[in-house]
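When reading the values below, keep in mind they use all heavy atoms of this one structure, side chains included, and skip hydrogens, waters and symmetry mates. Throughout, numbering of the chain's residues begins at 1 and tracks the sequence.
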Amino acid sequence: MSRTAKAHWLLLLVALIWGATFVTVKDALNDISPLLFNALRMALAFLCLVAFYPRELRRIGSREWRMSWPVGVLLFLGYSFQTTGLRLTTPSKSAFITGLSVVLVPLFLFALFRRKISIWAGVGVAAAFAGLAMLALPAGRNWSDLAQVNPGDWLTLACAIAFALQIIFLGRATQAVSFKAVAILQTGIAAVLMASAVPLFERLHVLWSGRVLIALVVTAVLATAAAFAIQSWAQQFTSATNTALIFTMEPVFALLTSYLVLHERLGGRALLGCGLILGGVLLSELAPHIKQITRPT
């Protein structure tokens with residue numbers, strides 16, 4: 001298996017892990033405030049990454065810091081908006097709206113770096129967005145009545161913007177410095193920012209229940225430390241647009257998890273949305289004549 005193919009499969013595994021954690025985190029937020037949860041999660045993830053790569057700390061220099069700090073700031077913003085929004089909306093909607101980053105990645109790449117994408121990758125993005133829209137927006141909803149939009153949905157939309165930019169800057173960082181250094185630094189920077197934000201932006205609340213402890217371990221070790229180490233390595237061998245397209249599977253996995261755990265019913269509209277997302281991913285990844293975005297040098 002080539003390194004590119006391995007990167008794609010590992011990114012799909014990351015999407016599965018992230019999708020499966022929405023229900024877990026939503027449940028844990030009954031017993032802990034969102035910013036405190038994020039701070040603890042990211043601190044544990046940082047410690048795990050240092051344990052995974054103990055020699056990497058000695059190799060971190062000014063270049064690694066310069067390339068990694070934007071990634072860490074965007075990671076902080078993304079999770080802060082997502083977890084705070086998740087307290088106010090449903091796990092499925094949170095996952096779907098987060099998935100809108102798939103559309104924003106190529107748009108930001110064009111706006112910030114004037115990077116062109118192939119027509120097939122563009123069609124894949126459009127198909128994935130259409131699928132996400134069908135999954136996220138119930139039939140019969142008045143789309144023009146913005147006042148009725150849940151505040152948690154707006155926060156999650158801000159999360160999607162932050163994560164789209166994080167994908168882009170992570171791709172640039174891992175082309176310039178060690179992916180191990182980026183993985184450590186982004187979680188460390190995010191942990192410090194999250195800990196600083198707790199006393200400023202929320203009323204501290206925690207009950208050390210079993211669901212809080214389970215959620216912290218699962219999200220810190222699997223969904224953060226392992227997932228971001230995998231993502232940092234994998235983005236050396238694939239483009240930011242392909243990464244975003246693979247990550248459109250995250251809301252599909254979240255919907256399946258909600259179905260299995262919460263017994264949510266998958267209707268025909270949702271299934272069609274899943275099919276469009278899968279079609280967008282397959283079109284981008286498997287079409288032999290697709291031209292990838294030029295990677296940063």
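- With a 4.5 Å cut-off on side-chain heavy atoms, V182 and E64 do not count as touching.
- Q186 and S68 are not linked by any side-chain donor-acceptor pair at a separation below 3.5 angstrom, with hydrogens and angles left out of the test.
- Side-chain contact check for Q82 versus F163: some heavy-atom pair is nearer than 4.5 Å.
- L11 and F237 fall within a single hydrophobic cluster, where Ile, Leu, Val, Met, Phe, Trp and Tyr side chains are chained together by heavy-atom contacts under 4.5 Å.
- Rounded to the nearest 0.5 angstrom, L75 CG and L165 CG are separated by 12.5 Å.
- Rounding to the nearest 0.5 Å places SG of C48 at 11.5 Å from CD1 of I184.
- The hydrophobic cluster containing L200 does not contain V192, counting ILVMFWY residues as joined when their side-chain heavy atoms lie under 4.5 angstrom apart, directly or transitively.
- In terms of heavy atoms, S258 sits closest to P91 at OG-CB, 4.3 Å.
- Under the 4.5 Å side-chain heavy-atom criterion for Ile, Leu, Val, Met, Phe, Trp and Tyr, W9 and V252 are members of the same hydrophobic cluster.
- At a threshold of 4.5 Å between side-chain heavy atoms, the hydrophobic network of Ile, Leu, Val, Met, Phe, Trp and Tyr places F201 and V198 in one connected group.
- Between the side chain of T224 and the backbone N or O of T219, at least one donor-acceptor pair lies under 3.5 Å.
- Contact check for F179 versus Y53: side-chain heavy atoms found under the 4.5 Å cut-off.
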Practice prompt. Could you walk me through whether I161 and F108 pass the side-chain contact (heavy atoms from CB on, under 4.5 Å) test, one step at a time?
Written response: CA-CA 9 Å; I161 294 172; F108 288 153; 4.0 Å; yes
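- Here CZ of F37 is found 9.5 Å from CE of M42. Values are rounded to the nearest 0.5 Å.
- Note that the CG atom of L49 and the CG atom of L44 stand 11.0 Å from one another [nearest 0.5 Å].
- Inspection of the E250 and T98 side chains reveals no N or O donor paired with an N or O acceptor under 3.5 Å.
- Between the side chain of T89 and the backbone N or O of G85, no donor-acceptor pair lies under 3.5 Å.
- Between W18 and F22, the distance separating the two ring centers is not shorter than 6.0 angstrom.
- Side-chain contact between L207 and I32: absent, with no pair of heavy atoms (C-beta onward) separated by less than 4.5 Å.
- R41 CZ to L36 CG: the interatomic distance, rounded to the nearest 0.5 Å, is 13.5 Å.
- For R211, the salt bridge (charged side-chain N to carboxylate O under 4.0 Å, His left out) partners at least two apart in sequence or on another chain are D27, D31.
- Judged by distance alone, with hydrogens and angles left aside, the side-chain atoms of T174 form a donor-acceptor pair with the main-chain N or O of G171 at under 3.5 Å.
- Taking each heavy atom of W233 and R3 in turn, the nearest pair found is CH2-O, 4.0 Å.
- Closest of all the heavy-atom pairs between T257 and G19 is OG1-O, 4.1 Å.
- With contacts defined as side-chain heavy-atom distances shorter than 4.5 Å, the pair I189/F76 does not qualify.
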Practice prompt. Go through F81 and T156 one step at a time and tell me if the side-chain contact (heavy atoms from CB on, under 4.5 Å) criterion holds.
Written response: CA-CA 6 Å; F81 287 131; T156 312; over 6 Å; no
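- Judged by distance alone, the side chain of T187 and the main-chain N or O of A183 form a donor-acceptor pair under 3.5 Å.
- Across A95 and A254, no two heavy atoms sit closer than the pair CB-CB, 3.4 Å.
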Fill in: Step-by-step side chain to side chain donor-acceptor pair (under 3.5 Å) determination, R203 to S33
CA-CA 7 Å; R203 187 174 180 179; S33 51; over 6 Å; no
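- Side chains of M194 and L35 form no contact here, defined as non-hydrogen atoms less than 4.5 Å apart.
- Contact record, L16 with F253: CA-CD1, 3.2 Å, taken as the closest heavy-atom pair.
- Between the CG atom in L86 and the NZ atom in K26 there is a gap of 5.5 Å [rounded to 0.5 Å].
- Side-chain heavy atoms closer than 4.5 Å link hydrophobic residues (I, L, V, M, F, W, Y) into clusters, and following such links, possibly through other members, connects L170 to L13.
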Fill in: Evaluation steps, side chain to side chain donor-acceptor pair (under 3.5 Å), between E56 and S178
CA-CA 9 Å; E56 197 64 32; S178 166; 3.2 Å; yes
Worksheet item: Should Y79 and L193 be marked as a side-chain contact (heavy atoms from CB on, under 4.5 Å) after you check the CA-CA gap, both sets of side-chain angles, and the distance that decides it?
Response: CA-CA 11 Å; Y79 273 111; L193 292 174; over 6 Å; no
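- Taking every heavy atom of both residues into account, V14 and A227 meet most closely at CG2-O, 3.7 Å.
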